[in-house]
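Letters A, B, ... are given to chains in the order of the sequence lines, protein chains preceding strands, and every chain is numbered from 1. These figures come from a predicted structure and were not determined experimentally.
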Amino acid sequence: MSSYSDEDAFEAAAAPDARARPSLSQRAMAPPHVDYFEGLNPAQRQAVETLNGPVLMLAGAGTGKTKALTCRIAHLMATGGARPDEILAVTFTNKAAREMMNRIGGLTQGASDGMRWLGTFHAICVKLLRRHAELVGLKSNFTILDTDDQLRLLKQLIRASSIDEKRWPPRMLAGIIDGWKNKAWTPAQVPVGESSAYDDKGIDLYAAYQHRLKELNACDFGDLLLHMVTIFQTHADILATYQRWFKYILVDEYQDTNVAQYLWLRLLAQGHKNICCVGDDDQSIYGWRGAEVGNILLFEKDFPGAHVVRLEQNYRSTGHILGAAAGVIDANKDRLGKTLFTDGEDGEKVRLIGHWDGEEEARWIGEDIESMQRGTRGLDAMPLNSMAILVRASHQMRSFEDRFLTIGLPYRVIGGPRFYERMEIRDAMAYFRLAVSQDDDLAFERIVNTPKRGLGDKAVQTIQITARTNGVNLIEGARLCVSGGLIKGRGGNALRELVQGLDRWHATLHGQSQSQSNGVTRGDMADDDESVIDDGPTVEVFDGASNVNHVELAEVILDECGYTAHWQNEKTPEAPGRLENLKELVKALENFDSLQGFLEHISLIMDNAKDEEDDKVTIMTLHGAKGLEFPSVYLPGWEDGLFPSQRSMDESGLKGLEEERRLAYVGITRAEKHCTISFTSSRLVYGQWQSQMPSRFIDELPEENVEVLTPPGLYGGGFGAAGMSARANPVSEGIASTLHEKMAKADVYNSPGWRRLQSRSQQRSMSQPKESRNSVIDMKATSSFTTGERVFHQKFGYGEVMEIEGDKLLIEFDKAGEKKVVAKFIVSADKANDVPF
DNA sequence: TGGGCCGTGCTTTTT
DNA sequence: GCACGGCCCA
């Protein structure tokens with residue numbers, strides 16, 4: 001397989017492509033006063049026009065950063081600063097790359113077609129690494145392992161080195177290794193202090209893992225970056241080639257870069273220093289996966305004389321929403337500091353409301369959404385599409401789903417397992433991988449007993465040992481096991497059949513590949529470059545005429561191996577969905593010109609386009625919402641421990657808290673017109689009722705931007721808004737009545753009772769960090785009912801307490817009969833009149 | 001070899 | 001309170 005490791009070959013490979021599109025470059029030379037400059041504010045204009053030298057664009061939420069970035073690229077091409085293929089533009093997600101490509105295309109009437117180096121860090125690194133793979137001991141057709149493959153491999157290695165699996169769970173090891181790779185440390189480069197922290201076992205396993213990856217001709221996601229950094233650091237000539245080739249470098253979401261990405265960028269930009277990084281330190285929310293806010297904070301040190309452009313005019317949100325967001329983020333230290341402003345209206349204040357529990361919160365939000373949909377409070381009716389619920393943790397989604405299903409409110413959940421991560425898709429892909437390459441041992445291990453062929457651990461072990469002692473791949477090993485009679489009986493027969501099938505499919509495919517080789521060439525990196533980097537299915541063209549049908553072959557494989565039948569026979573409720581997914585997978589193949597092409601690209605394109613057409617409320621995590629905007633945003637669960645997450649604070653202290661605060665900032669700034677924050681006074685956590693404190697971030701919301709709502713249907717009216725019920729926190733009783741009138745938030749937080757509560761909870765979390773996750777005021781301690789007491793329940797009406805069992809009460813209801821009810825749903829009969837319904 | 005039972009541990013997520 | 005993984009038994 002050819003690869004380009006020298007300058008001439010690279011220039012030769014890339015240059016003809018640019019020459020092949022003269023019309024594009026002509027168009028690109030259009031005079032600079034084209035319409036993309038219109039509508040840019042002075043800061044944006046500066047960011048677009050300052051082409052040479054390092055530029056740091058600090059772009060706050062909703063300040064038109066993508067606009068500035070895409071205009072800058074259009075401007076670069078228009079002024080002749082660089083040809084489209086000499087611009088390196090890096091994003092983090094395929095989605096961002098796609099959007100950028102589309103928008104540049106719109107600005108330049110298609111000149112973006114020539115932008116072959118616009119893509120994610122990973123996609124660009126794959127492309128580079130395929131050229132230079134041999135320098136790190138790989139072949140150019142290496143496979144990319146995803147998290148699942150990675151874990152299975154690590155598990156094998158842990159077992160093989162007879163290390164205690166309980167002390168070294170594969171997930172933990174994967175985390176450690178990923179962390180090291182994010183820092184661009186090869187096994188030899190991991191500092192002694194780091195490795196000894198893990199008993200030196202970690203470093204040994206890391207080395208063994210890297211060794212095994214090379215044997216498998218594979219690498220994981222982290223390797224894509226790490227290998228390229230290694231190559232750049234050790235081959236000055238190659239680095240120089242690319243430094244010259246990429247005349248301009250642009251980086252989106254710079255605050256999310258990890259050390260490896262940072263080094264990669266710095267190496268490439270070292271020559272001309274024409275690097276423009278766009279980011280917002282206030283939106284750095286991925287520290288836990290290796291992102292270093294420090295990268296953005298230190299930009300000016302790394303690139304002396306850097307132009308710093310601040311985009312501070314916000315075009316998204318109302319004044320009150322920006323004010324609320326500013327109030328929260330101001331509490332963070334070490335910010336580069338931006339002050340967002342808007343020319344727009346103040347709009348509606350951020351609404352703050354407290355509820356009894358998550359169920360109540362979901363009910364209230366559901367009703368509010370319905371009234372917003374109809375049009376309420378003198379507001380125009382809003383489609384469901386324009387509303388989103390953003391949660392801190394995905395388990396919060398359930399109460400909303402439950403509620404919305406009950407009331408028939410259409411919703412869509414973003415997140416969850418992605419299409420190509422589903423078991424059935426990965427199984428099917430393993431078969432395809434084996435058809436492409438019989439050396440893919442990991443794929444073989446995955447499917448050898450899927451569907452069930454009566455080949456268990458023992459049989460697989462026999463195959464592995466046979467393969468290893470003969471120095472062959474697992475398919476060969478299996479063949480030897482069958483012919484040598486090592487695996488007999490039903491399993492043996494099934495294995496023989498499997499091996500025959502794999503041979504047959506492999507032969508069919510490779511017959512095909514020869515006949516098409518004068519069309520789209522495989523393995524020729526020059527031709528590979530023809531495709532745009534963000535080569536999603538829509539970009540690849542299926543050249544039906546010159547190809548034997550790989551789609552049909554895929555169907556044949558799934559039929560013959562028994563996998564389709566396996567799901568047809570399965571009676572579980574999810575089986576039909578899985579069959580549906582398999583069909584979708586086969587359909588997706590149509591967009592690629594070969595099975596190989598599909599597999600090469602698919603590992604990097606794991607996002608699934610969601611049905612954004614239907615009118616549905618969006619439910620997603622705060623992390624998932626970054627970069628999005630909605631006219632109306634609900635932010636439920638603002639309770640200490642949940643948000644900010646206790647774990648975050650325990651593990652990362654102040655750093656963790658500040659990242660949580662940035663997350664709160666991201667959440668608020670997603671809202672255009674309406675933002676509603678809510679919290680509950682008790683929540684079911686791990687099956688236990690916990691009393692919750694309102695989030696400390698609520699404290700940080702400026703009073704003048706917030707309207708505190710009185711939730712309807714709450715006992716005592718205003719308790720909920722203070723985040724407590726009288727029962728749960730008797731100390732708050734004093735403030736409850738004042739809250740009942742207007743509930744000035746500040747009063748709540750200044751009350752002695754509140755202070756006492758807060759310091760008590762802080763003491764707990766300091767003295768017992770482990771238990772602090774459950775550091776709650778136990779309902780038991782505060783439920784003060786007595787047997788025989790007359791009580792009232794919202795659903796069951798009046799009744800009498802028969803028995804008290806911790807926080808549960810056995811109650812004989814007048815109408816509903818005997819029921820066991822959690823105390824918090826109960827109120828004394830004499831207070832029942834306060835309940836407004 | 002595969003099914004069932006028990007114990008544990010529990011964010012966020014892209015590539 | 002649930003889900004997943006390991007272990008044990010048939």
Pair Phe400(A) and Tyr411(A), ring centroids less than 6.0 Å apart: no
Exercise for the section: Determine whether any donor atom in the side chain of Arg392(A) lies under 3.5 Å from an acceptor atom in the base of dT11(B), or the reverse, and answer yes or no. Expected result: no
Under 5.5 Å between ring centres and under 30° between planes: does that hold for Tyr286(A) against the base of dT12(B)? no
Report task. Under 4.0 Å between any heavy atoms, over every strand shown, what does Glu660(A) touch: base, sugar-phosphate, or nothing? Just pick one. Result -> base
Which of dT13(B), dT11(B), dT15(B) is nearest the side chain of Ala393(A)? It is dT11(B)
If only side-chain N and O atoms of Thr621(A) are considered, is one of them under 4.0 Å from the OP1 or OP2 phosphate oxygen of dT11(B)?
no
Between His122(A) and Met649(A), whichever has its closest DNA chain B nucleotide further toward 5' is Met649(A)
Sequence neighbours excluded, the answer for side chain to side chain donor-acceptor pair (under 3.5 Å) partners of Trp264(A) is none
dT15(B) base stacked by Phe92(A)? Criteria: ring centres under 5.5 Å, plane angle under 30°.
no
Hits for side chain to side chain donor-acceptor pair (under 3.5 Å) against Glu424(A), two or more places apart or cross-chain, chain-then-number order -> Arg578(A), Asn581(A)
Under-4.0 Å side-chain N/O to phosphate OP1/OP2 contact, Ser648(A) with dT12(B)
no
Protein heavy-atom contacts under 4.0 Å, written 5' to 3' over nucleotides 5-10 of chain C as B (base), S (sugar-phosphate only) or - (none), form the string -SS---
Is the Phe643(A)-Phe697(A) ring centre distance short of 6.0 angstrom?
yes
Regarding dT11(B), purine or pyrimidine glycosidic angle vs 90° from 0 gives syn
Check your understanding: Reckon Ser645(A) touches a base, only the sugar-phosphate, or nothing at all at heavy-atom distances under 4.0 Å?
Key -> base
message: Distance to the ring centre below 6.0 angstrom and angle to the axis at most 45 degrees; does that hold for Lys155(A) and Trp168(A)?
response: no
